[in-house]
2 protein chains.
Amino acid sequence: MDQIDEAKINPEEKDLIDLYNLSELYKVFADFTRVRILSALTGGEMCVYNLAEALEMGQSAVSHQLRVLRASGLVRPRREGKTVYYSLDDEHVNEILEAGLEHVIHKRKGL
Amino acid sequence: MDQIDEAKINPEEKDLIDLYNLSELYKVFADFTRVRILSALTGGEMCVYNLAEALEMGQSAVSHQLRVLRASGLVRPRREGKTVYYSLDDEHVNEILEAGLEHVIHKRKGL
DNA sequence: TCAACATATGAACAGTTGTTCATATGTTCA
DNA sequence: TGAACATATGAACAACTGTTCATATGTTGA
């Protein structure tokens, strides 16, 4: 079974796949609750209950969003007894947040 | 979620308003069509017709999305006769795209 | 002025999304 | 084993979003 030679892929098509995945990635960041969760986790791992408490939201809502973040590989769970601790899965997550925040803060300060 | 109750801000969290604006910003990037438009404009300004042609989409759909990008200050129009040329409005736009792309490409290459 | 062109807009529709409520799963300790 | 706890999941519902179709606005040159 031969392997796919990426060099032979039409360069425009390859770009499209990346751009599609990029828009899918941004969809995960495009929710207030999820951004708050990710931001909270930049300070280190947290369990679901503490996250729900910090965001003043129901446990179910937070758990649903953690599921989305987990499925996207942005967040990683670690079980310890009854408690599940979540942490950022990738150093890129922080960089993406920072790139956006830079723009947002720049705009808030009056362009 | 259209508004924020400032009274509920938790001091331990990052500025909620910034995080809210951040999620709103990501919403604009969270669409395949808009990402393709922004990506196309990284190569320089383009008129609506050429954008529609490049994306193989209807003029109306592209125009609607340009409106969203305009309203978000990510894109700037320049009229020249009948034609309107659009370009990226902010050097940050490119940085945000790059930060996400880095993650996407990293994942595609097998983590 | 009119016709041709480039872009913008409004309405409507289908598809998607995030929350809540109720309940299920999984874990610990008495 | 059973009760209490921590988290996950499914269904349902309202709210939101992107496209299409039709039409409006704005611009140029005859």
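Because the structure is predicted, anything quoted here is derived from the model rather than measured. Side chains are part of it too, since the values below use all heavy atoms of this structure and drop only hydrogens, waters and symmetry mates. Order of the sequence lines fixes the chain letters, A, B, ..., with proteins taken first and strands second; residue numbering starts at 1 for each chain.
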**Report entry** Where B:Leu41 and B:Val75 come nearest, the two heavy atoms and their spacing
**Finding:** CD1-CG2, 3.4 Å
Query - Sequence-distant partners of B:Arg79, side-chain contact (heavy atoms from CB on, under 4.5 Å), two or more places apart - result: B:Val84
Report task. Any chance you could measure B:Leu101, atom CG, to A:Asp15, atom CG, to the nearest 0.5 Å? Result -> 8.5 Å
Report task. Tell me, please, which residues at least two apart from A:Arg78 pass salt bridge (charged side-chain N to carboxylate O under 4.0 Å, His left out). Result -> A:Glu45, A:Glu80
Report summary line: In numerical order, the residues of residues 74-88 of chain B whose heavy atoms come under 4.0 Å of DNA chain D are B:Arg79, B:Gly81, B:Lys82
Query raised in the report: Separation of A:Arg36 atom CZ from C:dG18 atom C1', in whole Å?
Result: 14 Å
Report task. List for me each residue that meets salt bridge (charged side-chain N to carboxylate O under 4.0 Å, His left out) alongside A:Glu24, sequence neighbours excluded, and say none if there are none. Result -> A:Lys27
Requested in this report: Mind running a 4.0 Å heavy-atom check of residues 58-72 of chain A against DNA chain C and sending the residues that fall below it, in number order?
Outcome: A:Ser60, A:Ala61, A:His64, A:Gln65
Query raised in the report: When the distance from CG of B:Asp31 to C1' of D:dT19 is rounded to whole Å, what number comes out?
Result: 10 Å
Query raised in the report: Among all residues two or more places apart in sequence or in another chain, which pass the salt bridge (charged side-chain N to carboxylate O under 4.0 Å, His left out) test with B:Asp31?
Result: none
Query - Spacing between B:Met46 atom CE and C:dT7 atom P, to the nearest angstrom - result: 13 Å
Report task. Any pair with a residue in residues 55-66 of chain B that passes side chain to side chain donor-acceptor pair (under 3.5 Å), sequence neighbours left out, goes on the list, sorted by first then second residue, please. Result -> B:Arg34-B:Gln65
Identify the pairs formed between an N or O of the protein and an N or O of nucleotides 12-16 of chain C at a distance under 3.5 Å, and give each distance.
none

Query - Non-neighbouring partners of B:Glu91 that pass side chain to side chain donor-acceptor pair (under 3.5 Å), sequence neighbours left out - result: none
Query raised in the report: When you measure from every atom of DNA chain D, which of residues 49-57 of chain B have a heavy atom less than 4.0 Å away?
Result: B:Met57
Query - B:Arg67 atom CZ, neighbour heavy-atom count above 12 within 6.0 Å - result: no
Requested in this report: Any pair with a residue in residues 70-97 of chain B that passes ring pair (Phe, Tyr, Trp, His ring centres under 6.0 Å), sequence neighbours left out, goes on the list, sorted by first then second residue, please.
Outcome: A:His103-B:His92, A:His106-B:His92
Requested in this report: With sequence neighbours excluded, give me every ring pair (Phe, Tyr, Trp, His ring centres under 6.0 Å) pair touching residues 30-50 of chain B.
Outcome: A:Tyr20-B:Phe32
Query raised in the report: Between B:Leu88 and B:Arg76, what is the shortest heavy-atom contact and its length?
Result: O-NH2, 3.3 Å
Requested in this report: Could you point out which residue of A:Arg108, A:Lys107, A:Arg36 forms a salt bridge (charged side-chain N to carboxylate O under 4.0 Å, His left out) with B:Asp18?
Outcome: A:Arg108
